[in-house]
Amino acid sequence: MTSAATLEPPPGFVPLDRAHALSLLHEMVLARRFEEKCAQLYGAGKIRGFLHLYVGEEAIAAGVMPLLDAEDAVVSTYREHGHALARGIPAGALMAELFGKVQGCSHGRGGSMHVFDVSRRFYGGNAIVAGGIPLAVGLALADRMQGRARVTACLFGDGAVAEGAFHESMNLAALWKLPVLFLCENNQYAMGTSLERSESQPNLALKARSYAMEVERVDGMDVLAVQAAARRGLDYVRAGRGPWFIELVTYRFRAHSAYDPELYRTKDEVATWKARDPIALFTALARERGLLGDDDVASLERGADDEISAAIALAEAGTLEPVEELTRGVYAEEAAR
Amino acid sequence: MTSAATLEPPPGFVPLDRAHALSLLHEMVLARRFEEKCAQLYGAGKIRGFLHLYVGEEAIAAGVMPLLDAEDAVVSTYREHGHALARGIPAGALMAELFGKVQGCSHGRGGSMHVFDVSRRFYGGNAIVAGGIPLAVGLALADRMQGRARVTACLFGDGAVAEGAFHESMNLAALWKLPVLFLCENNQYAMGTSLERSESQPNLALKARSYAMEVERVDGMDVLAVQAAARRGLDYVRAGRGPWFIELVTYRFRAHSAYDPELYRTKDEVATWKARDPIALFTALARERGLLGDDDVASLERGADDEISAAIALAEAGTLEPVEELTRGVYAEEAAR
Amino acid sequence: MNGAPAVKVTYREAVRAAMREAMQRDARVFLMGEDVGRYGGTYACSLGLLDEFGPERVRDTPLSEGAFVGVGIGAAIGGMRPIVEIMTVNFSLLALDQILNNAATLRHMSGGQVGVPLVLRMATGAGRQVAAQHSHSLENYYAHIPGLKVLAPATVEDARGMLWTALLDPDPVILFEHATLYGTEGELAEDAGAVPIDRAAVRRAGRDVTVVGYGGTVAKALEAARMLAERGIDAEVIDLRTLRPLDDETLVASVRKTRRAVLVDEGWKTGSLAGEICARLVERAFYDLDAPIARVCTEEVPIPYPKHLEDAALPQPGRIVEAVLATVGGRG
Amino acid sequence: MNGAPAVKVTYREAVRAAMREAMQRDARVFLMGEDVGRYGGTYACSLGLLDEFGPERVRDTPLSEGAFVGVGIGAAIGGMRPIVEIMTVNFSLLALDQILNNAATLRHMSGGQVGVPLVLRMATGAGRQVAAQHSHSLENYYAHIPGLKVLAPATVEDARGMLWTALLDPDPVILFEHATLYGTEGELAEDAGAVPIDRAAVRRAGRDVTVVGYGGTVAKALEAARMLAERGIDAEVIDLRTLRPLDDETLVASVRKTRRAVLVDEGWKTGSLAGEICARLVERAFYDLDAPIARVCTEEVPIPYPKHLEDAALPQPGRIVEAVLATVGGRG
Ligand SMILES: Cc1ncc(C[n+]2csc(CCOP(=O)(O)OP(=O)(O)O)c2C)c(N)n1
Ligand SMILES: Cc1ncc(C[n+]2csc(CCOP(=O)(O)OP(=O)(O)O)c2C)c(N)n1
Ligand SMILES: [Mg+2]
Ligand SMILES: [Mg+2]
């Protein structure tokens, strides 16, 4: 439990073994490679609509998701491929969704911004900034009212903090002491608007703190720090003590979406942050500690690439829904046809 | 300038002379008597719709309004009779509005919840909780962009703090350092919902403080304390340093509106607060200091009653707008007919 | 329904009974909204429920329409059966993003996976001199949205029975309760139960003209029909009951018979639901019409405070009569 | 307009030129919205304006649609002439309370005292595979509101000229820019100026049927007309241009001539603006109609992501042609 005064995680050496290191790196590499492929496939016209990539921010999903139980829930945003993969949605089902195929995890109806998988309690994929936050609070309320000891993890960006929906939801969650783990992915920009040009108080953990909520602020490029913070938060929430808020300071390496000319930040700034690439940072640390070698990294990358190739093959081979089914899935009766 | 740590106004003796005491008391008594009459007139069917009385909270309007210049603006709520009178809207124009007559300050179109007087820069009278706050920020922006050294005073209740519109507006005002004096009339209830059942952090000044805004919390039953705080705030805002937020702790002596059975609070609680009636408190203080005598109070009351009688006469004698003009005032062209 | 004794109840009591029984019947049902608990509901619809069910199930919320509607959506997804009360339709705009972009849309955009069995109730309408910001009738905003069902109970039976059916529905259902109805009385069987929510009702059979209303305008339409009967004109009055999906069949059957229609709607005329009904009748029964379909709607003005102007702005029996007379035209 | 040389410009450039000239002309004009400054506008409409006018007049806002629209209203009351950009109509729901309850209503409820000369721009519509939450066409929500004027420029001339006129208007004006139009090109006189905002335009004269569209559907209606011409059917195509107030005169005159109408609208069919147009034509030209008025609207489904389904959900030239053929019926 961290007070508003410090807002820094307890320092110190986080223990790590080889299996753990391999799995963390696997999550990050898979997400990275998956999305680099997505960028190509977008260029090739296989993926359309809006495509928001998570490249640079993978440590967050990789750090948090493995700590959630199957019964916990996740509510995410339109920048959710990394969350989805780390939550266990198969790369094939995700890629098929991006291709708009029936084999997609949202039956092809949603596309990149609307990834759903109820079997994994992954409730989207929401393209209205801050629009998913009240939903997460409601899922947590349902758990509390039904006496289930579950957590709902709610992810959103720094931009969401300016929206009224964020504030109303913080208040409800804190007032009713609901089991939500709020994860604010502060990549310091909302499209082209930097945090200091959009928030009078750019320390977002402090803002959450004003709801008498427990908060922490953490280096989102350090997967171990993320994981340690998430563990502290989850312990608190699981103990039934109320919500917990983590601000994860990170950076988006790529453009906001495919249409963004990136006029709002300098190449230098991007380069500085790329020097703190979470994958490179963690690889170096794991090697330093003697947990991973050259071969391991190479074989992880090969494994990821194979998984992605298989995903693309599945998506390519997938089927388009017949036009006759256009109005399916609007109401339950029809979905059940 | 008060920091978040203290949140209390500097203590001490506030100087006061007889003329000042008379005028403060006049404002409070006029508002009180005016509204007690309104309650009767509502019972008699002369006033209809929703009627929200300010009884108990008069020290706020009486303390703040005289400090505003003619060029300053006021944005208020549906509980605004006291604000309107203290701002100088004639009792007759206000009463005629409550009667729905053409002589009303909103031409009879608005009624109790929509009191306007542009000649006094009184911009309503807004019946959507928190709905006026962005407007106030916009008025301040217009002043800033046009290089005018004006202040916009923005009044709202404790209930408004839960609304997203409040938060979005606080951020914009603080981020852009706009000349707004925020006045949160914390009467501790939003209809039947007490603050501690609606806010995880019931210290509202602290909430505003999370926007890196200067804040103060003050006894809203003490007209001198209100005035001293408002003066500090106005000095800061007028100096072009940005917005200032005052939480004024007060109490509504009467029901929320004519329909409220007041199930949510005890008679005891109401009695405790009535013992701190701002008019009685101030009268006692002024007499203790030898500034006012029995006669003064009685004659102030008589004066107020005369003013109110004249207002009612004006309203009674006022005219109803012809039905043929029903669609007037929707667009400018028509208003200009 | 089945011969149980009928008692006189107010609309308000019917709403309360419906909520009470729903909470007794199903532990997943709870009520949430501004002042539904301690205050007893702005319109006293939930008076007493807090005592009976406690603050978890009769849950007062802060003034946060957007968030608490979203919380209701999340709770519905999470297995509860929330009844979320928005105090009035006027404040529902603050929740419209959640309603349109989440409640109505989640099932589809998740490819059928995420259902939202949420019931939203709100008061609607004008007629009480509460002026421009508190007198809206925005039913057509909601009737426009695929994924929603939209109801407008106009009788005590519907107030009680529609909520039941709505709570059985796997999709989001919105109930509009016209604020002037709460105090009205009607006969209701003591064991009155669920009623269908996909059918309009013929409230008065007639041969000469079809008058269509819903919610707060049904009584006005019936009053107009009485006035018309005195002039020898036999009006059929249809209560839409369900605004989405619309019951085309009942509407078309009536117009096929009467060959004339007057549509009454408390929404502003331009862009009203009455326009939609007109278009549907044109699409489905054009050749059956003997005269142009007429609309009696609210004038294009924010609702003024004074009574005489408010009355003039809203549909009234007299205006309905006039419209019918113009429609039956040469015949009259 | 007056013989100045015409140049080819994109719709996006026309919008930009309109804003630029407005800011040059009138010091009270400023632009405010999400990413209008540094980013240059989501659709690049304001690219370069920050450099020319600085951050006070090209003002990036946080993600706070409700508040910054409200701030625009306040600034308009305070003497400025704000152009507030809501990135897309999809997010405008978060500001709808401010638009309806303040912008549209303040003048009336203040008894005529408070005018709100605010210009609101937003992108609208589907067609780019951005799925269920980002593809709305909610024009009819706004066209429903007394106190607003609602425009839908479909040509480069209107994109440039309507903004000018809107800024001269003492009341709030909303411009809907269909997102698929930004890249389209047209000829525009170099000195093109203000255009009227109370008139529909006949984009193609014809004798056999009136096809009505606006914004993103005008080009589709014209394409349908070309296809119909090949079959010997001469369609008149009307571009509504102004959705509130509607230009009944132009619509009625056309239908009096053609005696048939097909209404095209990217809104969901139920509760669409097309329904309103139909009702007005019935009210004003019923006896001139030889066939039921038909509507070609968006299917009753949130917009699906895959292209083939999105295409099927939206009005298309082929569907317009079919509707016209059914309307001209026996004649064909
Ligand atoms: C309510 C709303 N307003 C605007 C947008 C357009 N938009 C999409 S993403 C985005 C930026 C959001 O920034 P942030 O929350 O920091 O998330 P990030 O994209 O950085 O992950 C904006 C403005 C939207 N989707 N929803
Ligand atoms: C957005 C909105 N929601 C609900 C209401 C109904 N309502 C009117 S006044 C009120 C209570 C407001 O409380 P507060 O802001 O504390 O002001 P007070 O009435 O105590 O002066 C409520 C819930 C409203 N007018 N607007
Ligand atoms: Mg961001
Ligand atoms: Mg209060």
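So you know, we letter chains A, B, ... as the sequences are listed, proteins then strands, and number each from 1.
- Heavy atoms of Pro304(D) lying under 4.5 Å from chain C belong to its backbone as well as its side chain.
- Heavy-atom pairs under 4.5 Å with chain D peak, among Phe91(C), Phe286(C), Tyr287(C), at Phe286(C).
- Note: His108(C) leads His108(C), Lys269(C), Met109(C), Glu299(C) in heavy-atom pairs under 4.5 Å with chain D.
- In this structure the side chain of Val150(C) never reaches within 4.5 angstrom of the side chain of Thr242(C), judged on heavy atoms.
- Heavy atoms closer than 4.5 Å to chain C are found nowhere in Ile99(D), neither backbone nor side chain.
- Contact annotation for Ala285(C): neither backbone nor side-chain heavy atoms come within less than 4.5 Å of a heavy atom of chain D.
- Residues of residues 142-149 of chain C placed with any heavy atom under 4.5 Å of a heavy atom in chain D are listed by number as Ala143(C), His144(C), Ile145(C), Pro146(C).
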Practice task
Decide yes or no on salt bridge (Lys or Arg N to Asp or Glu O under 4.0 Å) for Arg295(C) and Glu276(D), but give the supporting numbers first.
Solution key: CA-CA 11 Å; Arg295(C) 293 186 288 171; Glu276(D) 174 63 27; 2.9 Å; yes
Exercise for the section: Verify side-chain contact (heavy atoms from CB on, under 4.5 Å) between Tyr214(C) and Asp265(C), making sure each step is shown before the conclusion. Expected result: CA-CA 7 Å; Tyr214(C) 64 90; Asp265(C) 190 344; 2.6 Å; yes
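- Heavy-atom distances place no part of Leu263(C) under 4.5 Å from chain D, backbone and side chain included.
- Neither the backbone nor the side chain of Arg284(D) comes within less than 4.5 Å of any heavy atom in chain C.
- In this structure, the portions of Ile293(C) lying under 4.5 Å from any heavy atom of chain D include both its backbone and its side chain.
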